[in-house]
Asker: 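Would you mind keeping the following structure in view while I ask a few things?
In what follows, every chain begins at residue 1, and chains take the letters A, B, ... in the order their sequences are listed. Since this is a predicted model, take the numbers as computed values, not measurements.
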Number of protein chains: 2
Amino acid sequence: MYLRSWLSRLCRGLSSPVGRTTPPGWGSLSRNVVLSSHRRIPELSSFVVRTNTCGELCSSHLGQEVTLCGWIQYRRQNIFLVLRDFHGLVQVVIPQDESSASVKKILCEAPLESVVKVSGIVISRPPGQENPKMPTGEIEIKVKTAELLNACKKLPFEIKDFVKKTEALRLQYRYLDLRSFQMQYNLRLRSEMVMKIREYLCNLHGFVDVETPTLFKRTPGGAKEFLVPSREPGKFYSLPQSPQQFKQLLMVGGLDRYFQVARCYRDEGSRPDRQPEFTQIDIEMSFVDQTGIQSLIEGLLQYSWPKDKEPIMIPFPSMTFAEALTTYGTDKPDTRFGMKKYLKRKDIESIRQFATDHFNQEVLPIFLKANRNWNSTVAKFIMEEQRLELARLMETQEEDVVLLTAGEHKKACSLLGKLRLECANLLEMRGVVLRDPKLFSFLWVVNFPLFLPKEENPTELESAHHPFTAPHPSDIHLLYTEPKKVRSQHYDLVLNGSEIGGGSIRIHDAELQRYILATLLKEDVKLLSHLLQALDYGAPPHGGIALGLDRLMCLVAGAPSIRDVIAFPKSFRGHDLMSNAPDSVPPEELKPYHIQVSWPTDSEAEKSSLNQSHHLEN
Amino acid sequence: MYLRSWLSRLCRGLSSPVGRTTPPGWGSLSRNVVLSSHRRIPELSSFVVRTNTCGELCSSHLGQEVTLCGWIQYRRQNIFLVLRDFHGLVQVVIPQDESSASVKKILCEAPLESVVKVSGIVISRPPGQENPKMPTGEIEIKVKTAELLNACKKLPFEIKDFVKKTEALRLQYRYLDLRSFQMQYNLRLRSEMVMKIREYLCNLHGFVDVETPTLFKRTPGGAKEFLVPSREPGKFYSLPQSPQQFKQLLMVGGLDRYFQVARCYRDEGSRPDRQPEFTQIDIEMSFVDQTGIQSLIEGLLQYSWPKDKEPIMIPFPSMTFAEALTTYGTDKPDTRFGMKKYLKRKDIESIRQFATDHFNQEVLPIFLKANRNWNSTVAKFIMEEQRLELARLMETQEEDVVLLTAGEHKKACSLLGKLRLECANLLEMRGVVLRDPKLFSFLWVVNFPLFLPKEENPTELESAHHPFTAPHPSDIHLLYTEPKKVRSQHYDLVLNGSEIGGGSIRIHDAELQRYILATLLKEDVKLLSHLLQALDYGAPPHGGIALGLDRLMCLVAGAPSIRDVIAFPKSFRGHDLMSNAPDSVPPEELKPYHIQVSWPTDSEAEKSSLNQSHHLEN
């Protein structure tokens with residue numbers, strides 16, 4: 001019987017209760033994203049009809065004649081108008097004199113969100129009317145000429161309140177949602193961070209950006225790959241889940257250091273917070289070991305980390321898979337927090353209920369009183385000696401709460417790991433900030449098992465990650481005797497409890513690769529004959545990693561969903577709510593591809609719709 | 001009757017006959033690609049087990065202990081071995097003393113193209129044995145230790161002669177072909193140039209790199225779009241030919257300046273020198289006009305132009321579509337050359353035959369003798385006065401040859417344009433270099449027609465480019481009266497006779513867009529309702545361009561085919577010869593997508609195979 005606890009062994013540091021950071025507004029965009037760089041400031045008005053952006057104007061522009069283009073954000077009593085562009089807001093004074101009647105007419109009659117061009121002089125706001133909250137709050141524009149570039153029809157809602165709308169509405173009118181400060185901030189932050197990642201890889205470390213095909217061939221076990229019918233009857237391309245094979249072939253081809261910001265595809269049906277197409281920072285190096293890849297990634301993240309966030313410290317801590325499971329009950333621990341004594345009795349009840357409902361598993365709470373005695377129904381079954389030993393192992397302190405459970409190791413650990421997060425949710429609902437959104441806790445998880453028993457048939461093995469992962473050098477001999485015990489050279493990068501990257505040292509020995517594929521995994525090696533042959537012809541030792549860019553940006557931007565860091569995301573059912581993709585195709589357009597639709601029978605359709613609604617509930 | 005000539009009106013400058021530039025070798029890679037940058041030199045050996053690259057070693061490293069990893073390129077009498085990595089070649093001295101017997105064994109027994117790690121001291125070559133053709137030719141490595149990292153099986157051919165093999169073999173063993181100097185050079189040049197393009201756009205001009213979806217919805221007339229079945233019966237995504245709609249929607253969303261190195265898809269069946277997936281530098285800006293986009297692109301190309309090529313001069317010359325057709329007989333003139341007097345009588349016969357065979361069109365040659373008299377069968381039908389007028393118009397000089405033809409304007413012009421290139425081929429076969437491969441002649445072609453008569457039904461119109469192209473401001477009134485006469489705000493960028501980019505100012509007025517789509521083009525506007533609606537809600541004036549990256553890199557690298565600047569290209573029939581994609585898929589894997597294969601009947605299959613062989617002949 002295993003007794004596990006996640007309490008107390010964790011770092012006890014708990015961030016002092018602070019509020020969420022104030023949500024940033026248009027001002028922050030000007031200050032942080034666009035101008036934060038220590039590099040040359042980009043020319044934001046080159047090649048276009050404006051002289052300046054709205055957001056950049058300040059007292060140093062006083063007296064200058066400027067031409068601005070933007071959207072009418074709002075208007076006050078036909079006297080002031082606030083003009084918005086991607087860079088910020090500026091106040092425009094609508095002229096009231098007779099000679100400017102036509103200008104006034106344009107600016108007063110144009111509906112909100114219309115696009116206008118105005119020219120005028122930058123002047124000081126009258127004393128007392130400055131707005132210190134607005135980056136351009138010291139000045140305003142005295143307009144001379146105005147032109148209506150495009151009038152806006154009545155909107156289905158106001159832009160500024162957009163984020164409060166349902167997400168479906170936001171996705172349907174994505175082009176309006178993109179005008180919000182938050183979406184502008186997220187997309188610009190993403191672009192800037194990716195640019196710095198590229199600089200680090202290309203300019204600092206000689207990586208070569210190579211584009212690999214997405215119209216490829218089925219990979220073994222590639223059940224989640226989208227198919228693309230070709231014009232040859234019965235022949236299909238497949239959209240691969242990653243450029244894994246190509247990046248290894250590039251190493252065999254002597255490219256030495258490859259990277260790509262790669263579009264990948266995964267057809268998992270409906271899954272919340274997953275996208276059928278996603279982007280990864282894909283990296284591969286020759287003559288490298290695990291430490292080399294880890295140092296590369298630590299340097300990469302430090303170099304590209306946004307200047308308006310807390311700087312990150314490297315190297316990142318590392319933990320074995322076994323330790324992560326035992327201590328945190330998960331292979332992606334959120335190491336921002338330990339646990340302290342904020343739980344109430346009724347919380348414990350709800351946690352026990354959660355465990356029973358979701359895992360069909362009993363949990364026993366132990367309340368440690370001031371005298372360290374156990375206040376628990378379990379106390380009487382445990383001898384004093386065991387109790388002291390447990391207290392020592394778990395480093396319990398006065399007034400700690402310990403949750404005990406029994407069962408199969410992995411299952412028991414996973415349950416306690418989930419409960420730990422559930423406790424965090426409970427405490428945060430009560431205003432205790434356990435997971436500081438400004439804190440970024442990176443962690444390497446290493447020494448994963450190379451194989452797992454197949455879920456449908458536990459006597460057979462499947463790769464814990466993918467079949468090209470190299471075994472741990474100390475465990476190679478076990479491949480031929482006890483393959484289940486072999487650890488791999490796979491590593492995961494975890495940030496605040498989310499897996500944001502994973503990689504491995506690959507097998508470069510053709511014989512070893514054949515043995516693992518054919519003998520241990522019983523895969524059809526014919527589908528991979530090109531890769532096996534490549535390993536025969538002088539493949540260098542190599543390894544790599546892929547970072548999930550969408551999830552990384554979601555965490556960095558502090559966004560609630562990866563959909564908030566993607567310009568045009570799909571809904572969780574894989575729909576584009578704006579254009580209504582996927583869509584029907586007339587049968588004659590299917591002919592060149594030699595396919596036809598197999599319409600489901602009524603009973604099948606009903607079953608499938610039941611599955612859909614089941615997904616919806618989850 | 002039109003009389004057209006392409007001779008003499010062209011710039012008469014002809015580059016002096018020079019040989020092709022010497023093909024570069026491994027030395028050039030070290031000198032030009034990797035180290036040419038004025039920026040910080042990348043660290044090429046960070047994070048890995050080597051201390052240096054093979055290619056970088058020179059006399060400044062004398063006495064240093066180095067560790068190198070690479071492939072055995074060749075071996076001489078078991079005394080010398082040349083080691084190769086991506087950066088170049090270095091000579092390794094195999095130790096001959098008894099105490100190094102194991103090192104000698106490793107280095108002498110490993111087959112060529114095996115991967116080894118060697119450590120040793122950089123020493124001077126003995127006087128007289130330096131190799132000035134080799135960048136590392138002053139030094140060699142006195143080896144202390146050696147390790148065989150991976151042995152190479154017998155290769156199907158020698159790597160160094162690879163480029164002489166058939167292209168099919170190169171594509172089948174692409175991972176070996178990539179080890180050639182030329183492929184390393186091409187892929188690294190591409191990566192470097194794209195990086196500089198990004199720096200120019202992001203860091204210098206504030207563009208935002210936004211990724212747009214590739215799983216999208218059919219576009220009107222999108223017959224060349226690949227389909228991707230979804231898990232909903234009868235519903236398909238489509239892989240778009242370009243992010244056109246998304247980039248316009250980003251402008252409506254206020255993104256202001258967008259770019260993306262975008263993967264695009266076009267299913268044209270078998271076409272030589274086309275790829276089913278290709279890459280374009282995709283750009284869109286708000287509040288810009290044609291001049292703005294042109295200046296942006298000129299700056300972009302100048303900034304990113306490789307340092308080892310002749311610098312390019314900006315601004316690029318510009319020519320209207322009408323002028324290009326009249327003068328060069330094409331909308332993508334190669335302006336590197338005029339035409340001079342190298343043609344022989346028998347050439348003229350072969351040109352007349354070419355015209356008859358390919359265009360069913362008669363061509364009359366006129367040979368201008370020293371006294372400017374016409375030596376031509378046509379001479380007697382043309383009056384002295386007309387002859388003088390023609391000579392003046394065509395700016396003929398002594399000993400010019402003029403080719404005349406008659407017929408419908410566009411057809412006659414196209415024929416003469418083709419003949420001009422045919423003459424250039426003839427002359428170059430004779431050793432006259434008309435098209436200097438070191439010369440890069442850019443040209444803007446502007447003022448295209450907005451519509452063309454549909455080929456299958458000339459009374460109906462279709463877009464000359466795409467339906468979002470804005471009409472020329474001077475021609476808007478003609479939209480309602482004589483739409484065929486409307487010129488567009490489309491522009492093409494031509495380099496050495498190849499179209500490498502195209503773009504336009506877009507329609508931002510919803511009413512105009514609806515009129516063109518529904519009334520003039522008779523398209524189903526429902527497929528585009530999201531875009532039309534977006535134009536209603538405050539769309540800014542905007543325009544953009546897309547550069548074809550594969551073709552641009554092909555021209556810059558001087559490669560014979562775009563396949564030489566793509567790591568893993570498809571064959572012209574759309575096959576991946578290495579992995580054998582597209583491939584068959586078992587029926588059960590089609591089930592989740594609700595499709596089945598419609599196997600063609602025998603007679604259909606025969607017809608289709610006839611079509612294929614027809615394509616092969618072309």
Side-chain angles (χ1 to χ4, degrees), chain A residues 42 44 46-49 69 86 113 115 150 152-153 175 178-179 188 191 195 202 205-206 208-210 213 215-217 226 228 230 233-237 249 252-254 256 277 287-288 292 295-296 530 534 536-540 567-568 578-579 581-585 594-598 600, chain B residues 42 44 46-49 69 86 113 115 150 152-153 175 178-179 188 191 195 202 205-206 208-210 213 215-217 226 228 230 233-237 249 252-254 256 277 287-288 292 295-296 530 534 536-540 567-568 578-579 581-585 594-598 600:
Chain A
L44 299 173
S46 44
F47 312 116
V48 288
V49 296
C69 295
F86 70 96
E113 291 301 319
V115 188
N150 210 355
C152 181
K153 284 204 177 165
Y175 45 88
L178 291 175
R179 292 185 195 164
R188 281 162 204 278
S191 169
M195 188 64 200
C202 270
H205 294 288
V208 188
D209 180 3
V210 181
L215 293 174
F216 192 46
K217 170 196 172 104
F226 285 103
V228 181
S230 78
K235 297 288 179 80
F236 294 81
Y237 298 104
L249 291 166
V252 181
D256 198 66
E277 51 186 320
F287 311 113
V288 75
S295 306
L296 170 83
H530 53 286
D536 274 332
Y537 291 141
F568 299 100
M578 183 182 65
S579 74
D583 202 3
S584 307
V585 170
H594 307 280
I595 55 167
Q596 53 182 298
V597 176
S598 319
Chain B
L44 298 173
S46 43
F47 311 115
V48 288
V49 296
C69 295
F86 71 96
E113 291 301 317
V115 188
N150 211 355
C152 181
K153 282 203 177 166
Y175 45 88
L178 290 175
R179 291 184 194 165
R188 281 162 202 278
S191 170
M195 188 63 202
C202 271
H205 294 288
V208 188
D209 180 4
V210 182
L215 293 174
F216 192 45
K217 169 195 172 105
F226 285 101
V228 182
S230 78
K235 296 289 179 75
F236 293 81
Y237 298 104
L249 291 166
V252 180
D256 199 66
E277 51 186 320
F287 311 113
V288 74
S295 306
L296 170 83
H530 54 284
D536 274 332
Y537 290 143
F568 298 100
M578 183 182 64
S579 75
D583 201 3
S584 308
V585 171
H594 307 280
I595 56 168
Q596 52 181 296
V597 177
S598 319

Asker: Does the side chain of B:C69 reach to within under 4.5 Å of the side chain of A:P540, using non-hydrogen atoms?
Answerer: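 Of all side-chain heavy-atom pairs linking A:P540 with B:C69, none is under 4.5 Å.
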
Asker: Do the non-hydrogen side-chain atoms of A:E113 and B:Y537 ever get within less than 4.5 Å of each other?
Answerer: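 No, side chains not in contact.
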
Asker: Which atom pair, heavy atoms only, marks the closest approach of B:K217 to A:A581?
Answerer: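 What the structure gives for the nearest pair is CB-CB, 3.6 Å.
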
Asker: Shorter than 4.5 Å, heavy atoms on both sides: which option in A:G538, A:S584, A:G292 has the most such pairs with chain B?
Answerer: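 Top option by heavy-atom pairs under 4.5 Å: A:G538.
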
Asker: Does the side chain of B:F236 come within less than 4.5 Å of A:I595's, by heavy atoms?
Answerer: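 The answer is yes, as the side chains (C-beta and beyond) meet within the 4.5 Å cut-off.
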
Asker: What pair of heavy atoms forms the shortest contact from B:V252 to A:R179, and how long is it?
Answerer: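 Closest pair (atom of B:V252, atom of A:R179, distance): O-NE, 2.8 Å.
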
Asker: Please find the pair of heavy atoms, one from A:K235 and one from B:P582, that lie closest to each other, and give the distance.
Answerer: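 So the two residues come closest at CD-O, 3.8 Å.
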
Asker: Indicate the atoms forming the closest heavy-atom contact of A:Q596 with B:S598, along with that distance.
Answerer: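 Taking every non-hydrogen atom into account, NE2-OG, 3.3 Å.
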
Asker: By a 4.5 Å heavy-atom criterion (distance strictly below it), what part of A:S295 contacts chain B: side chain, backbone, both, or neither?
Answerer: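 For A:S295, backbone and side chain are both near chain B.
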
Asker: Of the non-hydrogen atoms in B:M195 and A:M195, which two are nearest, and what is the gap between them?
Answerer: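 That closest heavy-atom pairing would be CE-CE, 3.8 Å.
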
Asker: For each of B:G206, B:S191, B:S230, tally heavy-atom pairs with chain A at distances under 4.5 Å, and name the one with the top tally.
Answerer: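 Looking at each option in turn, the highest pair count goes to B:S191.
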
Asker: Any heavy-atom pair between the side chains of A:F226 and B:L215 that's under 4.5 Å?
Answerer: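 B:L215 reaches A:F226 side chain to side chain.
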
Asker: When you compare the side chain of A:V585 with that of B:Y237, does any pair of heavy atoms fall below 4.5 Å?
Answerer: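 They are not in side-chain contact.
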
Asker: Grab the two heavy atoms, one from A:S579 and one from B:F216, that are nearest each other, plus how far apart they are.
Answerer: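 Minimum heavy-atom separation between A:S579 and B:F216: OG-CE1, 3.4 Å.
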
Asker: With respect to chain A, which residue among B:L296, B:V49, B:V288, B:V210 yields the maximal number of heavy-atom pairs within a distance under 4.5 Å?
Answerer: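 Most pairs with chain A among the choices: B:L296.
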
Asker: When you measure from the side chain of A:N150 to the backbone N and O of B:A539, does any donor-acceptor pair fall under 3.5 Å?
Answerer: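 Yes, the answer is positive, given that a donor and an acceptor are paired below the 3.5 Å cut-off.
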
Asker: Partners of A:S46 by side chain to side chain contact (heavy atoms under 4.5 Å, CB included), sequence neighbours excluded?
Answerer: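 Scan of A:S46 (side chain to side chain contact (heavy atoms under 4.5 Å, CB included), adjacent residues dropped) gives A:E43, B:H205, B:R257.
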
Asker: So for A:V228, is it side chain, backbone, both, or neither that comes closer than 4.5 Å to the heavy atoms of chain B?
Answerer: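 Both backbone and side chain of A:V228 come within 4.5 Å of chain B.
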
Asker: Taking every non-hydrogen pair under 4.5 Å, which of B:L249, B:D209, B:D256 racks up the most with chain A?
Answerer: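 Result: the option with the highest number of such pairs is B:D256.
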
Asker: Is any side-chain heavy atom of A:F86 less than 4.5 Å from a side-chain heavy atom of B:V208?
Answerer: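 Not in contact.
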
